[in-house]
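Reminder, nothing fancy here: chain letters follow the sequence lines and each chain counts from 1.
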There are 2 protein chains.
Amino acid sequence: MSDALDAALRLVRAQAALVRRFDARLGGLHGVSLADFTLLLRLGQAPGNRMRRVDLAEALGLTASGVTRALAPLERIGLVTREPDARDARVAYASLTGTGRARLKEMRATAEETAGDLFAAPAWGEEEVPLLAALLTRVGGTGPRA
Amino acid sequence: MSDALDAALRLVRAQAALVRRFDARLGGLHGVSLADFTLLLRLGQAPGNRMRRVDLAEALGLTASGVTRALAPLERIGLVTREPDARDARVAYASLTGTGRARLKEMRATAEETAGDLFAAPAWGEEEVPLLAALLTRVGGTGPRA
DNA sequence: GACATTTCCTTGAGTGCTCAAGTTTATGGC
DNA sequence: GCCATAAACTTGAGCACTCAAGGAAATGTC
C-alpha cells in the first residue's frame, strides 16, 4: 500500500478513536456530544455569539439540513435560541443564551483537558502537536481558528 | 484555544473532507463507500481472504453489530460470502469471493489514485505523508498496516 | 409591478452507525 | 453429565447525518 493511502486510512481510524474519547468525556460531564460542543464553540467565537444557520453549516462542514437538526436539541435544552433577522425574514440566527455561554465555558475546560490528555507528553513533543494541526489543515476543511 | 484542542478539532474536519472525497470517487466508479472498501481491503489482507466477524470488528474499529450490518449489502451484491466454522458453530467467517477479489483490485487502484491526489506534490513533500501517518498512529486506533 | 431566479431554511426518506437485549453454541467446575 | 458463564453473532430502537424536494422571502429583469 502507498504511503498516501495508508495515511488516509489512518486518519479515518484516528478520528473515530478521538471522537469516542471526546464524546465519552463531554457526554458524561455535560450531556453533549463533540459535534454539539464544536457547534457551541463556533457560536461562542462569533461576533455577538450568533450566526446565520447557513454560515454555521459552512463553518462546521455540515449541510444546512444537518444544522437544523443539530440545533433542535440545543434549543430545547436552552443553550441556544433562535432569533429572526429584522432585515431578511428568511434568515434565522442561532444565538448562544446566557446559560449556553456559561455551560460552554465548562465544556471547554473539559475539552481542553481531554485534548491535553490525548496529546500529553512524553508521547507527544512540544512541537509535534502544532505540526499535526498544520498537516491536517492541508488535508481539508476549515480549522477552528480560521 | 490550546494547540491540542485545535489539533483535535482539525482532525475531525479533515477526516470529514477526506471521507467525502473517497466516497465520491469510490461510489461513482464502484458503487461502494470508503467504509465498504476498508472492510474489503482488510479481508483481502487476511490469510485465506477471510476473517471472523468479531476480528473484523476489532480491525475496523466497529462494533460486532456494525460489522453485521456492513456485510449484509456486500453479501447481497456477491463480493463477500458467509462461511461457517467446522469447529465452532458460533462463528461465521466473512470471506471475499472471486468477484470480490477482482472488484477490490479495481477499487484499490481508485483509492490509491484518490489518496495520491489528496497528498500530491507540491503541496505535500516526500517525507510529510509518512510523517502524518506516524503522528496519526499515535492518536489511536489500529492502522491499516498493523 | 409581475415573474423567474436565487437564497435560507425545513422536512421526509434513507443510510450507517451505536447500545441493549436476545439467541445459540462452547467451555470450565463440580 | 449439568449448570453457570462466556463468546459470537443478530436484531430492534435510536441517533446523526445525507440528499432531494419544497415553502417562503428576497432579488433581478423587463
Checklist outcome for this item: Atom CG of B/L62 and atom C1' of D/dC9 are separated, to the nearest Å, by 15 Å
Item to check | d(CZ, B/F22; P, D/dT18) in whole Å | outcome: 19 Å
Checklist outcome for this item: B/L71 CG to C/dC17 P, in whole Å, measures 11 Å
Item to check | Euclidean distance, atom CG of residue B/L34 to atom P of D/dT18 [Å, nearest integer] | outcome: 16 Å
Item to check | Same cluster (ILVMFWY, side-chain, under 4.5 Å), A/L104 and A/L29 | outcome: no
Next on the checklist: Whole angstroms only, please: what is the CG-C1' distance between B/L56 and D/dT10?
Outcome noted: 15 Å
Item to check | Euclidean distance, atom CZ of residue B/R87 to atom C1' of C/dT24 [Å, nearest integer] | outcome: 20 Å
Checklist entry - Is there a donor-acceptor pair closer than 3.5 Å between any side-chain N or O of B/T114 and the backbone N or O of B/F22? => result no
Next on the checklist: Output the rounded distance in Å from CD (B/E75) to C1' (D/dT10).
Outcome noted: 12 Å
Checklist outcome for this item: Applying salt bridge (Lys or Arg N to Asp or Glu O under 4.0 Å) to A/E58 and not counting sequence neighbours gives none
Checklist entry - Within the side chain of B/R103, is there an N or O that forms a donor-acceptor pair under 3.5 Å with the backbone of B/H30? => result yes
Checklist entry - CZ of A/R20 versus P of D/dA16: gap in Å, rounded? => result 15 Å
Checklist outcome for this item: Per-nt protein contacts along nucleotides 1-10 of chain C (heavy atom under 4.0 Å; B base, S backbone sugar-phosphate only, - none) come out as ------BSSB
Checklist entry - Which residue, A/A70 or A/A89, contacts DNA chain D at a nucleotide closer to its 5' end, judged by nearest heavy atom? => result A/A70
Next on the checklist: Can you tell me whether the side chain of A/R69 and the base of C/dG12 have a donor-acceptor pair closer than 3.5 Å?
Outcome noted: yes
Checklist entry - Is a donor on one side and an acceptor on the other found under 3.5 Å between the side chain of B/R42 and the backbone of B/A59? => result yes
Checklist entry - Counting only heavy atoms not in A/E126, do more than 12 sit closer than 6.0 Å to its CD atom? => result no
